Number of protein chains: 2
Amino acid sequence: MNAPLTLRDIARQAGVSLATVDRVLHNRPGVRPDTVRRVKDAMARSAFQPHAAASELARARSRRFAFVMPSGGNPFMQQIQAHLGELANWMAARRLSVDVLATDVFDAAVLAERLEDLVGRVDGVAVVALDHPSVRAAINDLVESGTKVVTLVSDVPSSRRHHYVGIDNIAAGRTAGALVGRFAGGRTGRVAIMAGSQSLRDHAERIFGFSQVMAAEFRQFEVLPVAEGHDEDDRSENLMRKLLAEHRDIVGLYNVGAGTAGVAKALTESGRAGETVFVGHDVTALTRKLLLSGVMDAAISQNPGHEARSAVRVLLALARGEALLSEQETIRIDIVMRDNLP
Amino acid sequence: MNAPLTLRDIARQAGVSLATVDRVLHNRPGVRPDTVRRVKDAMARSAFQPHAAASELARARSRRFAFVMPSGGNPFMQQIQAHLGELANWMAARRLSVDVLATDVFDAAVLAERLEDLVGRVDGVAVVALDHPSVRAAINDLVESGTKVVTLVSDVPSSRRHHYVGIDNIAAGRTAGALVGRFAGGRTGRVAIMAGSQSLRDHAERIFGFSQVMAAEFRQFEVLPVAEGHDEDDRSENLMRKLLAEHRDIVGLYNVGAGTAGVAKALTESGRAGETVFVGHDVTALTRKLLLSGVMDAAISQNPGHEARSAVRVLLALARGEALLSEQETIRIDIVMRDNLP
DNA sequence: CTGTTAGCGCTTTCAT
DNA sequence: ATGAAAGCGCTAACAG
């Protein structure tokens, strides 16, 4: 068995010095094209892979990442932060640190300013982004300055962010639609949609996907106009109560965002929890309870632990200039029912 | 900002040498208890974390893992192997190599012998295991000899394997039951189960979970006796054809293992594909097609890429004596429908 | 029991 | 344009 090769071996094979091989390896300038080829040939011939640990050690640089996340008590965001905390040792062993910056991400100006502040101060930024021109500009400024940027949970596709860590929300909405439609079985009646706000990109996309499926595959249901509960429990509860009172034939309910506690309360108190199909998002302490008790039938979810780790891994790989394992960094749309609760 | 600490800093603080700190760090013998305390204090006081890359480099050892996988064309197993292939560069950069050993894992004697052969020859083994006394003994021998062992997809819980990479098959079966039951809506009739063999631990567990849910929540269906298609397409097709002919009121079908092509063929040719709820396992080229065409309604799946990476990561962490990120290594039970196909 | 020292393989000045 | 040499932080002999 051949002992693993080192840069030194390549250097010998190519008849050059260590430093030159290193230059070629990293496409650094100042090497004669002819030499470049000799070195590249040598590397190719022996399928050379630089030793990751050695290179990591030699740079011996610590890196600082910032996570810009919504202020307020959104449980899903808190889960991401908790998982970030669990990574602390892993990151420390790699000389990484992350700061979580709680910000009013729904105010474009505030968010953009927060991001601009970070220019030149960190190696990477993960941001739960509002899709707005000034936010886009701030992201582009960061990228321009050499900072690596990933959007988290909510994307700004038109920006120059390096990567998006999150799910395809249209597909998530379609999945919710398929579940509501199929779980409602042979019945007919109305289907209600409760969202935070239709002007949130992710909510709008989910609603779009949901409606698509309802229109294409489940014509027997009449989809009610979207109610906007602003992700608040009280507001959602009131709206839901009203909807239920107004329409006695609601057979399905899709809760697009947060405010789940309110929706569940209204549904339960109406006495129709058992017979109404209820699909929502995310696995939290609350939705877990609702799934177990049968009030909720399924939760569409993106794994917060995966998102936290993926964001860190991607930022690190980008900072080091390493390749991503793209399949590993794809966030999947999880369907969670009582029986496959994680 | 405090520059990251090194072993040297700890040594200075504790008033000992580098080597002593290293001994304490790794709980190596030959250090006076009192000294141990001093060093540990120093490390705790400054929340010291050794630099992973440095330690990795200093050992500069390459490691060899073996994956013992079923011979034959099981597509799910082939996917795991393909994902291992995608890890090649990642592993090379860490001086890891894996050999995939195709073996008749359904023959306990052959499998056990294969495992015994590996004693002392590799640093880690991932094995798709048959739960049988001689296999258990072989696994224990490997563990005894210092080889790290993980079971993959199919567990031998009574062995001393270090870790199991796979899903909870009882929960998977329950999930399948819930889907069949709910998708079959208000109807009544019979439900068929096609398995590879009831003596395979994972199949038995899935059937158990499935039956549990049917009995507890969906009494309106009569579950037929389990048919055993040996994971072969032809055999499964014939059995399925017979079942469908015999029972005109089959409303649901759970395919526990492979042989999906045969089952689907029989179902399609019976002309009852549309009206029969069909739930199976794993996302392959075939099940993907069946989901899209509506023949299959859902696939319960364990992510083969995740399993491949997890097995490698766990073996590596075990070999290095590092901690696992347990949440990251939990393989989830994915529910895949047409709309959330990965 | 404890300390000294020579690397691990790569990166990075600083010379040439 | 290229090379020589000094580390990065930890591990593992080998001395004491």
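Just so it is clear, the structure is predicted and the values come from calculations on it, not from any experiment. Naming convention: chains lettered A, B, ... in sequence-line order (proteins, then strands); numbering from 1 in each chain.
One finds a salt bridge joining Arg61(B) and Asp123(B) here, because a Lys/Arg side-chain nitrogen approaches an Asp/Glu carboxylate oxygen to under 4.0 Å. The pair Asp99(B)-Arg64(B) meets the salt-bridge criterion, since a charged nitrogen lies less than 4.0 angstrom from a carboxylate oxygen. Under the 4.0 Å criterion applied to side-chain N and carboxylate O atoms, Asp334(B) and Arg332(A) are assigned as salt-bridge partners.
A donor-acceptor pair under 3.5 Å is absent between the side-chain atoms of Asp282(B) and the main chain of Phe76(B), judged by distance alone.
Considering only side-chain atoms of Ala54(A), the nucleotide from dA4(D), dG9(C), dA12(D) that sits closest is dG9(C). Of the candidate nucleotides dC10(C), dC10(D), dT2(C), dC10(D) has the atom lying nearest to any side-chain atom of Leu7(B). Considering only the side chain of Ala19(A), dT12(C) comes nearest among dT2(D), dT12(C), dT4(C). Proximity note for Thr6(A) (side chain, C-beta onward) versus dT2(D), dG3(D), dC10(C): the nearest is dC10(C). The side chain of Leu25(B) lies closest to dT11(D) when the candidates are dT2(C), dT11(D), dT2(D).
The residue Arg28(A) sits close only to the backbone: its heavy atoms come under 4.0 Å of sugar-phosphate atoms, none of a base.
Between Thr20(A) and dT2(D) there is no side-chain N or O to OP1 or OP2 distance below 4.0 Å. Taking side-chain N and O atoms only, His51(B) has no distance below 4.0 Å to OP1 or OP2 of dC8(D). Contact annotation: Arg32(B) reaches the phosphate of dT2(C) (side-chain N/O to OP1 or OP2, under 4.0 Å). For the OP1/OP2 pair of dG9(C) and a distance below 4.0 Å, the side-chain nitrogens and oxygens of Ser55(A) include no atom meeting the criterion.
We find that CD of Gln49(A) is positioned 15 Å from P of dG9(C), with the value rounded to whole Å. With rounding to whole Å, His26(A) atom NE2 is found 17 Å from dT2(D) atom P. For the pair Arg94(A) CZ and dC10(D) C1', the computed distance is 15 Å after rounding to whole Å. Following rounding to the nearest Å, Arg8(B) (CZ) and dT4(C) (P) show an atom-to-atom distance of 10 Å. In this structure, the CD atom of Glu56(A) is 11 Å from the P atom of dT12(C), given to the nearest Å. Put simply, CG on Asp22(A) is 16 Å from P on dC14(C), counting in whole angstrom units. Residue Arg59(A) contributes atom CZ, which lies 6 Å from atom P of dT11(C) at whole-angstrom precision. Put simply, CZ on Arg61(A) is 13 Å from P on dT11(C), counting in whole angstrom units.
Looking only at atom types and distance, the side chain of Arg95(A) has no donor-acceptor partner in the side chain of Gln49(B) under 3.5 Å away.
The 5' end of DNA chain C is approached more closely, in terms of each residue's nearest nucleotide, by Leu18(B) than by the other of Ala58(B) and Leu18(B).
Between the side chain of Arg23(B) and the base of dG3(C) there is at least one donor-acceptor pair of N/O atoms closer than 3.5 Å.
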